[in-house]
Amino acid sequence: MMENKITGAEALLRGLLQEGITTVFGYPGGAILPVYDKLYDYSDRLRHILVRHEQGAIHAAQGYARTSGRVGVVIVTSGPGATNVITGLCDAMTDSTPLVVISGQVGAQYLGSDAFQETDFVAMTQSITKWALQVRRAEDVPAAIARAFYIARSGRPGPVVLDIAKDAQIGLLDWHYEPMTYIRSYDPDPEVDSAAVASAADLINKAARPLILVGQGVAISGACDELKRFAERIDAPVAATLLGLSCFPSVHRLYKGMLGMHGNIGPNWATNQADVIVAIGMRFDDRVTGNTEHYARQARIVHIDIDNSEFDKTVHADVAIHSDARQALLALLPRVHRSKHSEWIEKLDKCNAVERREVIDREMHHTGSKLTMGEVVAAVSAASGSRAIAVTDVGQNQMMTARYFNFTETRSLITSGGLGTMGFGLPAAIGAKIARPDREVCYIGGDGGFQMTIQELGTIMQYGVAVKMVVLNNNFLGNVRQWQDLFFGKRYSQTPMANPDFRAIAAAYGIAAEDVVERHQLHDAVSRMIASPEAYLLNVNIDETDLVLPMTPAGKPVDYIMLDRNRLFEFQD
Amino acid sequence: MQTPQRELFTITIYSENSVGVLNQVSNIFTRRCLNIEDVSASVSSVPDIHKLTLTTWADRPTMEKVVKQIEKLVDVIKAVLYTDDEIVYQEIALYKVATAKLMEENMLESIIRQHNARILELTTDYVVIEKAGHTWEIEALLGCLRKYGITQFVRSGRVCVTKSSIEYIDQFLEQQKERRKRCISGAQ
């Protein structure tokens, strides 16, 4: 009977295939070697991307998952291999990214003995994963894989850890696979409560100044069309959180911009003027709300979310609809009246006109000799026809991309939102390009974050990943510098950076690169980069005094908006 | 904003009997710097459903968030927040006292009667007294025995049942019959 049996390692790979996985990101090592050995036989069906550091593997899987909506898969070894993905797990948990991370583990008889490369990975990841399980027996592998994928992708998606002891990889089992569709203690698809929908519709129908806030839940539930119909029907202005960007077309007449600390003035001002706020698939993060005591002062709030623990967590919901965003919108649509709110919408436009005049035009038509971040981002966006996927690092580069990149398709901004992980961008861009080879993928990062995961240029080289990279290089940790400039008396503690020759580094990896020093070089260089069928790097010299504006300082009310270092926004009708 | 008042809460958690649930639950308390006063774990009225009972001092808004975060855990079936008036609860304590000292004053019988306690073991060296009740009753006996020299003392975590007629677990199991059918047939 032995010939019908397969090893746990093979069952694991077959399980991945059963779940529709074609690509995995990883790095081999001792405790996961049986899986890598079997992978040798499966390389025609499973593409493995060998990264240069496990952190790169998990961020690449995140980029892959966020652009495609599919589960990102990571395979690493025990001990340091496992601990190197911790930041990515935490990031994926905060940003609701479906991942299955498979870590090798020492043999069951060595568990708890401080064996070589042993670490209690399940215990250390329980608070930063949706679910974590250690598998010790080969016969438990198929069910563990099925459960892991079901949990990762359903409900509010998140990362799952499967810690597979070496015995479970080597041991034999009879192959049988059944996808998971039901877990007693876990309901990822709560039914829409019709009473809550009725109350919400009632509030919305009576609203004089409605405002729609859009989060990533809209993209995850595939509700972009329903959102558009809903917004047009009730004629309400739409604003997006950082992760909600690209759920609603940037060019739509109802789209009024981004919320939060560096968001657009219209929606931030309107938050404290609106009488009804409909928040869809978002979680009122502190970067969005500012001081919650002064948040949405006049508004009744309808909050739609799949995660029950988000209601009343930071902001009180007058009506909570606990469901998938698309289901909630489908239930709401027939109950809300067609409405007109032209005067109200004009007020947001007036705010945004001030921003255009006082902030955007200054950024776009800078008089200084050095380039600003905004003009570089806008040039890249325009050159891609606003159709590229923008993948950012964290900091000024991220906020500038959020502000100056235009989006016409959903799932087009990949950025580390909740955790703010520097070093996320480059590997995430690799994953994004591998998931969507049909789309242009532009990485926009700073000189700090780029160097946190710069080793992944090796991955780009090895697999010929055609990522377009723009390093906004100001020889500073720019966002920290901005806070030091505005709030710490210009004491630039540990923010100036001596940087290497990025073009030479790219050249060493066989990647085409250009330095952009002067303004007149920018557009041609960007065009050459976009036209290239291969990976391409632009190292752009940026004015280090460039600030991301407008800005609501941490802890201030959302409508306390700095236009520049000396002036606050004031609404004038 | 007024600082919400702190009170003693009892949290009952029904979960699958899987490894690490207690760790996941306690992580949620640790994250908010909440001290778990006591904890007890056992089976529930349904053999394969586990029951955790914890108590903690906190304010209600915080605890309502904590309970929702506990309920979010994949292996947790239901978490409910109670104040003392909503439950019938009990703790149990053991006191080990040197026999000689206790006998000197000839107070043993009156102490046992007065506190409605009982003697579990009596040797020439020590007496083991058991007391079940509320925290204050257990502490009253502790205070009384102190002068005789307590060599060991232990109090269990709280166990409780609700005064309400709503039986969450029965409701849950009933709902699951339907949901299970829907999920399994929906997938086919």
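Within the 4.5 angstrom heavy-atom criterion, no atom of B/V67 approaches chain A. For a residue to count as touching a neighbouring chain, one of its non-hydrogen atoms must lie under 4.5 Å from one of that chain's; by this rule A/Q134 does not touch chain B. Using a 4.5 Å cut-off between heavy atoms, A/D189 makes no contact with chain B at all. There is no contact between A/A132 and chain B, counting heavy-atom distances below 4.5 Å.
Of residues 159-178 of chain B, those residues lying under 4.5 Å from chain A by any heavy-atom pair are B/F172, B/L173, B/Q176. Within residues 139-152 of chain B, no residue approaches chain A closer than 4.5 Å by heavy atoms.
Other residues, nucleotides and ligands contribute only 12 or fewer heavy atoms inside 6.0 Å of the NZ atom of A/K556.
Taking both residues in full, the closest heavy atoms of B/V74 and A/I151 are given as CG1-CD1, 3.6 Å, listed atom of the first, atom of the second, then distance.
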field: Step-by-step salt bridge (Lys or Arg N to Asp or Glu O under 4.0 Å) determination, A/D312 to B/R60
entry: CA-CA 13 Å; A/D312 302 334; B/R60 182 171 282 280; over 6 Å; no
- request: I would like to know whether B/N27 and A/Q126 meet side-chain contact (heavy atoms from CB on, under 4.5 Å); could you show each step before the answer?
  value: CA-CA 8 Å; B/N27 280 341; A/Q126 272 180 330; 4.2 Å; yes
task: Verify side-chain contact (heavy atoms from CB on, under 4.5 Å) between A/R184 and B/I77, making sure each step is shown before the conclusion.
output: CA-CA 8 Å; A/R184 180 168 75 172; B/I77 288 166; 4.2 Å; yes
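Ionic pairing of A/D187 and B/R182 is not present here: no N-O contact between side-chain nitrogen and carboxylate oxygen is shorter than 4.0 angstrom.
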Could you give the side-chain donor-acceptor pairs of residues 99-110 of chain A under 3.5 Å, partners two or more places apart or in another chain?
{"unit_1": "A/S103", "atom_1": "OG", "unit_2": "A/D163", "atom_2": "OD1", "d": "2.7"}
{"unit_1": "A/Q105", "atom_1": "NE2", "unit_2": "A/T119", "atom_2": "O", "d": "3.0"}
{"unit_1": "A/Q105", "atom_1": "NE2", "unit_2": "A/D163", "atom_2": "OD2", "d": "2.8"}

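With sequence neighbours left out, A/F284 forms a ring pair (Phe, Tyr, Trp, His ring centres under 6.0 Å) with A/Y295, A/H303.
Here the NZ atom belonging to A/K313 is positioned 10.5 Å from the NZ atom belonging to B/K68, to the nearest 0.5 angstrom.
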